[in-house]
Each structure stands twice: as C-alpha cells, then as structure tokens.
Amino acid sequence: MTKQELENRLIDFAATIIIIASKFEKNYAGNHLSGQIIRSGTSPALNYGEAQSAESKKDFIHKMGICLKELRETFVCLKIIDKANLSTDRESLMQVKIEANQLISIFVSSIKTSKNNS
C-alpha cells in the first residue's frame, strides 16, 4: 500500500466515523461518545499527514504511534457504542470496526518496520 492509499483510507475512515456518529441516539451517552469518537476517529488521518513531514525517523515513529493510539481508542469506543446499542446502523458499525482493526494492524506493522530499520 502506498502512502497516498493509506492516507485516503484514513480519510475515508474519518468520514465514515463522522457519518456514523451523526446517527447516534441523542441522549447524554450518545452525545458524549459521538464527540469522543469524532475526535479519536479523525485524528489518525490528521496525524498521518504530520508523520509524512516528520523531522526525523524518531519523530516519524512517534507520530505513527499517535495514529495507532487514536485508532485503538476509536476501536474501543466502537465496541462500547455497539454494546450500549447507541447506533441503529449495525451493519455500518460492524464494517467500521473491521476497518479500524485492519488499520491498527497496518500501523503496528509499519511502526515495527520503522523501528527495525532505524
């Protein structure tokens, strides 16, 4: 996967998170988790952009680590949303959980490779 393909995938992921979050139940929990998942779910795309302009290999690894951390947070948040039945769109929720898990795997592998090459 090229850098551009991964960036596009992260942008698509962020957009999907925003769309899904807009459909949550309008109650305290729904509002809280909607805001939380929008922050954590859009962060990887933004931080990946920063990683591409890293000042050093160490800086690149650090920024990629932030992407990974935010993806993991988003994945846990999606699991909470699923368990709490805050979304009626179960199919989209399941698909975005799969995508989050795949992105996590990509970032774990990329960080490991970068550390081994430095």
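In this text, all values refer to a predicted model and were calculated from it rather than measured experimentally.
With hydrogens and angles disregarded, no donor-acceptor distance shorter than 3.5 Å links the side chain of S109 to the backbone of S105. Judged purely by atom type and a 3.5 angstrom limit, T42 uses its side chain to pair as donor or acceptor with the backbone of I38.
When hydrophobic clusters are built by joining Ile, Leu, Val, Met, Phe, Trp and Tyr residues whose side-chain heavy atoms come closer than 4.5 Å, directly or via intermediates, I19 is not grouped with L103. At a threshold of 4.5 Å between side-chain heavy atoms, the hydrophobic network of Ile, Leu, Val, Met, Phe, Trp and Tyr places I20 and M94 in two separate groups. Both L6 and I111 are members of a single hydrophobic cluster when ILVMFWY side chains are connected at heavy-atom separations under 4.5 Å. L46 and I37 are not part of a single hydrophobic cluster, where members link through side-chain heavy atoms under 4.5 Å apart. Follow the hydrophobic side-chain contacts under 4.5 Å out from M64 and you reach M1 in the same cluster.
Under the 4.5 Å side-chain criterion, counting only non-hydrogen atoms from C-beta, L86 is not in contact with K23. Contact of the Q4 side chain with the E7 side chain is registered, since non-hydrogen atoms from C-beta on lie closer than 4.5 Å. Side chains of Q52 and F60 form a contact here, defined as non-hydrogen atoms less than 4.5 Å apart. Contact annotation: the side chain of E99 never approaches that of D12 to less than 4.5 Å [non-hydrogen atoms, C-beta and beyond]. Put simply, the side chain of I104 reaches to within 4.5 Å of the side chain of V108, judged on heavy atoms.
To the nearest 0.5 Å, atom CD1 of residue I66 and atom CZ of residue F107 are 11.5 Å apart. With values rounded to the nearest 0.5 angstrom, I17 atom CD1 is found 12.0 Å from S43 atom OG. In this structure, N47 CG and H62 NE2 are separated by 8.5 Å, a value rounded to the nearest 0.5 Å. Atom CG of L93 sits about 10.0 Å away from atom OG1 of T88, to the nearest 0.5 Å. Within the model, atoms CZ of F24 and CD1 of I81 stand 3.5 Å from one another, a figure rounded to the nearest 0.5 Å. With rounding to the nearest 0.5 angstrom, the CG atom of L33 is 9.5 Å from the OG atom of S40.
In this structure, Q36 and C77 approach most closely via the heavy-atom pair CG-SG, 4.4 Å. The shortest heavy-atom contact between I11 and A45 is N-CB, 4.1 Å. The shortest non-hydrogen separation linking D59 to A54 is OD2-CA, 3.4 Å. When all heavy atoms are compared, the tightest approach of C67 to P44 is SG-O, 3.5 Å. The shortest heavy-atom contact between E25 and N85 is OE2-O, 3.3 Å. Closest non-hydrogen pair, A21 versus S34, comes out as O-OG, 3.4 Å.
For the residue pair E91/Q95, the side-chain donor-acceptor check at 3.5 Å is satisfied.
Other residues, nucleotides and ligands contribute over 12 non-hydrogen atoms within 6.0 Å of the NZ atom of K97. No more than 12 heavy atoms of other residues, nucleotides or ligands shown are found within 6.0 angstrom of NZ on K58. Other residues, nucleotides and ligands contribute more than 12 heavy atoms inside 6.0 Å of the NZ atom of K26.
Comment: R39 does not engage E73 in a salt bridge, judged by the lack of any side-chain N to carboxylate O separation of less than 4.0 angstrom.
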